[in-house]
There are 2 protein chains.
Amino acid sequence: MSAPRRGDRDLIKALNRNLVLNIVRRQGPLSRTQIRDLSRLSMGAVSQITAELLDEGWVREVGESEPTGGRRQILLRLRPQAGYAVGVKLMEDRIVCAVTDLEVSEVLYLEQPTLGHSPEVVVSAIVSAVRQAIVDAGISSRQVLGIGVGLAGVVNMQSGVVHYSPFFQWRELPLADLIAAQIKLPVYVDNDVNTLTLTEHLFGAGHDIENFAVITVGRGIGMGMVLHHRLYQGGPGGAGEFGHLTLDVDGPPCDCGKRGCLEALASDPAVIRYIQQRRPDGRALPGTLLDVIAAADGGDALAREALEVSGRYIGLGLSMIVNLLCPTLIVLSGEGVIAGEYRLAPIREALRRHAFNGLLDNVSFIIKPTDDRAWARGAAGLVVAKSFESPLVKAEGDRGGLGAT
Amino acid sequence: MSAPRRGDRDLIKALNRNLVLNIVRRQGPLSRTQIRDLSRLSMGAVSQITAELLDEGWVREVGESEPTGGRRQILLRLRPQAGYAVGVKLMEDRIVCAVTDLEVSEVLYLEQPTLGHSPEVVVSAIVSAVRQAIVDAGISSRQVLGIGVGLAGVVNMQSGVVHYSPFFQWRELPLADLIAAQIKLPVYVDNDVNTLTLTEHLFGAGHDIENFAVITVGRGIGMGMVLHHRLYQGGPGGAGEFGHLTLDVDGPPCDCGKRGCLEALASDPAVIRYIQQRRPDGRALPGTLLDVIAAADGGDALAREALEVSGRYIGLGLSMIVNLLCPTLIVLSGEGVIAGEYRLAPIREALRRHAFNGLLDNVSFIIKPTDDRAWARGAAGLVVAKSFESPLVKAEGDRGGLGAT
DNA sequence: TTCGAATTCTTCACTCAATGAAATAAGGTT
DNA sequence: AACCTTATTTCATTGAGTGAAGAATTCGAA
């Protein structure tokens with residue numbers, strides 16, 4: 001079963017505490033009066049709760065506001081140093097690791113190669129990197145709220161089990177437990193794009209947006225989504241396989257075994273393949289997306305065409321997200337957005353052509369490049385998100401599905 | 001603003017009341033002890049709440065269970081007659097109307113032609129049909145919890161505004177307000193597939209399933225989804241345009257103005273068109289899907305091919321839902337499922353081919369034909385769903401987004 | 001400078017839903 | 001009939017939130 005149910009009063013207290021904490025976190029420095037208005041709690045309750053939060057160090061009094069004709073308001077804001085998170089992103093050949101504070105600002109960053117793909121090797125690399133990072137950051141592990149791990153693949157966040165990892169060829173690996181067995185800290189594991197999405201939800205453009213999606217384009221093509229203000233994970237964490245939508249039934253084979261997946265048609269490797277297949281002669285072939293962009297900048301028609309084809313497919317894929325989910329915001333992210341307009345223009349064009357009726361009017365787009373540090377921060381954000389998660393989400397399992405219709 | 005906030009105690013009371021009511025509604029006849037176990041409330045609270053619900057007529061004591069070696073349990077169940085709902089489904093040429101009880105069992109059904117497509121004509125037809133239905137059902141309008149209206153198109157349920165109706169060519173029509181102005185009852189308007197989905201969630205296969213989708217195939221192709229235990233509507237009610245996914249960039253034109261939409265490729269009219277275009281000679285052309293099925297039964301290769309092509313496209317579309325959302329359940333519904341295996345076999349086949357990795361293992365499928373009565377009941381279900389909706393959903397707007405991470 | 005009005009924040013008596021334990025009810029078993 | 005078992009009700013207790021009164025500031029005008 002789950003934690004012992006201590007009654008509804010405890011729940012409501014925790015709920016309001018969490019509410020106040022999140023309001024302070026999100027809306028920046030606020031006076032108690034403002035918190036009262038935003039939370040719709042009574043002044044007394046706010047006073048009580050903020051006193052507790054101050055006492056425990058979660059928030060801090062920070063100066064006063066401009067006078068408003070009476071007693072000045074004492075502003076409260078989140079104390080970012082109230083806790084730290086360690087984020088780890090697993091790449092194919094290395095892991096990158098960041099220590100962040102509660103605002104997911106980087107305190108320390110390090111990289112470490114992984115010499116092998118077996119669970120033992122990777123887990124011990126993670127453990128040593130985390131230990132190193134905590135020491136280097138000059139904090140005690142008591143201050144660490146937890147460890148977040150992000151990797152490509154299908155992951156069940158609840159259980160911490162990696163159902164499938166394309167890089168490491170893992171199946172049904174209880175990664176969270178393996179790490180937790182060696183470090184006595186809460187460990188959360190999730191798909192890497194989900195960690196980015198959560199971080200965006202907490203501190204990024206996804207602020208207060210009920211429904212939005214994050215799309216990453218790079219070596220693969222991934223997706224994370226927040227629906228009804230909550231990260232959507234689908235059945236066993238299997239949602240968001242955007243990169244494996246079949247967009248061309250007779251298309252090229254994909255690593256996943258199918259044909260014509262978006263990822264096989266439009267990822268960065270697909271762009272490079274596109275050029276290689278059409279220029280089999282001796283001319284210099286691009287090895288990375290940067291080469292392709294350089295070629296396109298130099299006027300290379302084939303390079304431009306390759307990026308355009310890629311953009312067209314991505315736009316077609318995005319139109320499906322718009323038609324099915326109509327999110328308020330789509331964040332375009334990943335390493336691949338550095339290709340700029342070569343890819344973005346056809347994306348927009350395809351979206352206009354394939355999105356239903358006026359749906360596109362309700363969707364805004366943001367371009368946000370992602371590098372290694374951002375991935376690591378995203379994984380740390382997973383831990384911070386857990387810390388600020390509504391107690392309702394945790395309680396839901398205990399009752400007969402509280403929020404259910 | 002919203003209703004005056006009377007404090008958290010009221011909320012928690014309402015929450016638990018709603019919880020108990022929904023447990024009784026869903027899990028059939030239950031004793032108070034069983035309710036205690038399911039709700040994790042204390043015996044005293046259950047006693048108090050059930051007393052209230054009994055007093056107000058929402059539930060009823062109904063016999064006793066088999067003895068368990070002590071005092072017998074008094075079973076409680078929902079009193080379906082505690083309220084009635086009127087459901088109206090708008091078709092192109094007529095409206096169908098049903099009065100149902102709280103279990104969405106049909107009490108009365110009637111049809112009425114609509115002579116025109118203007119808002120005035122349709123609204124007055126709705127109003128007269130509803131009045132007639134209430135009288136014929138032999139109930140007082142005081143017992144009616146509300147009126148639910150379902151129609152094809154993009155609808156914002158919150159505001160009751162029809163953003164776009166393909167049949168009637170309405171745009172930004174405040175249909176709920178127009179009806180409410182003539183009948184003093186709560187009016188809820190939503191996309192017709194959403195009403196079906198809600199009803200499925202309340203009393204159908206979607207019972208207790210966190211994430212599921214309902215797909216309807218018929219004159220059009222529609223979709224409704226429940227995600228995180230709640231109907232997902234996207235931005236302004238624009239989600240679920242499954243029928244307008246572009247599955248063939250160079251495909252035939254669709255009524256919506258685009259090309260190659262699933263609906264233009266695989267709906268019932270598309271199947272008929274497929275045959276007409278390939279058999280332009282004098283041989284008897286099918287007018288309805290029933291004709292096509294009859295021809296297929298008679299061994300007509302072209303009819304079979306048309307259904308197979310349709311199924312293949314629907315399967316491809318479904319694979320996108322599986323890859324993006326990975327719901328636990330997909331209900332295949334609508335008039336079109338009567339085509340049986342001619343269409344279902346290629347759907348399954350295409351799904352197997354295009355769904356990512358093992359995702360399909362987590363999805364179950366149910367086939368559930370829909371006729372006019374089912375659509376009308378679905379619309380009534382919209383009202384019932386509102387009656388049983390968690391107070392949290394209503395309160396959410398008042399606070400800073402309670403459930404937010 | 002002094003007083004009063006305005007505004008923020010704290011304190012405290014009160015309320016009410018939930019709890020938990022004791023009491024009551026009602027059937028079985030020996 | 002005495003006794004056990006289970007179901008339900010009753011009730012004193014608990015604790016979070018409320019609302020009003022009070023304390024703390026600040027501004028502005030006499």
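Owing to the predicted nature of the structure, the values given are computational and were not obtained by experimental measurement. Labels below follow one simple rule: chain letters A, B, ... track the order of the sequence lines, proteins then strands, and each chain is numbered from 1.
- Here the C1' atom of nucleotide C:dA17 and the CD atom of B:E52 are 10 Å apart, to the nearest Å.
- Rounded to the nearest 0.5 Å, atoms CG (B:N18) and CD1 (B:I23) are 9.5 Å apart.
- Rounded to a whole Å, the CD1 atom of A:I49 is 9 Å from the C1' atom of D:dA16.
- Considering every non-hydrogen atom in both B:L102 and B:A82, the closest pair reads CD1-CB, 3.7 Å.
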Between the protein and nucleotides 2-8 of chain D, which nitrogen or oxygen pairs are less than 3.5 angstrom apart?
from: D:dT6; atom 1: O2; to: B:R71; atom 2: N; distance (Å): 2.9
from: D:dA7; atom 1: OP1; to: B:Q73; atom 2: OE1; distance (Å): 3.1
from: D:dA7; atom 1: O4'; to: B:R71; atom 2: O; distance (Å): 3.4
from: D:dA7; atom 1: N3; to: B:R71; atom 2: NH1; distance (Å): 3.2
from: D:dT8; atom 1: OP1; to: B:I74; atom 2: N; distance (Å): 2.7
from: D:dT8; atom 1: OP1; to: B:I74; atom 2: O; distance (Å): 3.3
from: D:dT8; atom 1: OP2; to: B:R32; atom 2: N; distance (Å): 3.3
from: D:dT8; atom 1: OP2; to: B:T33; atom 2: N; distance (Å): 3.0
from: D:dT8; atom 1: OP2; to: B:T33; atom 2: OG1; distance (Å): 2.7

- Message: Determine whether B:E56 and B:R79 satisfy the following criterion, salt bridge (Lys or Arg N to Asp or Glu O under 4.0 Å), listing intermediate values before the conclusion.
- Response: CA-CA 10 Å; B:E56 294 168 29; B:R79 204 172 71 90; over 6 Å; no
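- At the phosphate of C:dA17, neither OP1 nor OP2 sits under 4.0 Å from any side-chain N or O atom of B:N16.
- Remark: C1' of C:dG20 and CZ of B:R40 are 18 Å apart, rounded to the nearest angstrom.
- Rounded to whole angstrom, the span from the CG atom of B:L19 across to the P atom of C:dA18 amounts to 10 Å.
- Taking atom CG of residue A:L41 and atom C1' of nucleotide D:dT18, one finds them 11 Å apart after rounding to whole Å.
- Looking only at side-chain heavy atoms (C-beta outward), A:L198 and A:Y188 stay at 4.5 Å or farther from each other.
- Here the P atom of nucleotide D:dG17 and the CD1 atom of A:I35 are 14 Å apart, to the nearest Å.
- Regarding A:N18, its CG atom lies at a distance of 16 Å from the P atom of D:dA16, rounded to whole Å.
- Note that CG of A:L202 is 9.0 Å distant from CZ of A:R26, once rounded to the nearest 0.5 Å.
- Ring-plane geometry between B:H201 and B:F212 is classed as tilted, the angle between the planes lying from 30 to 60 degrees on a 0 to 90 degree scale.
- We find that CZ of A:R17 is positioned 14 Å from C1' of D:dA16, with the value rounded to whole Å.
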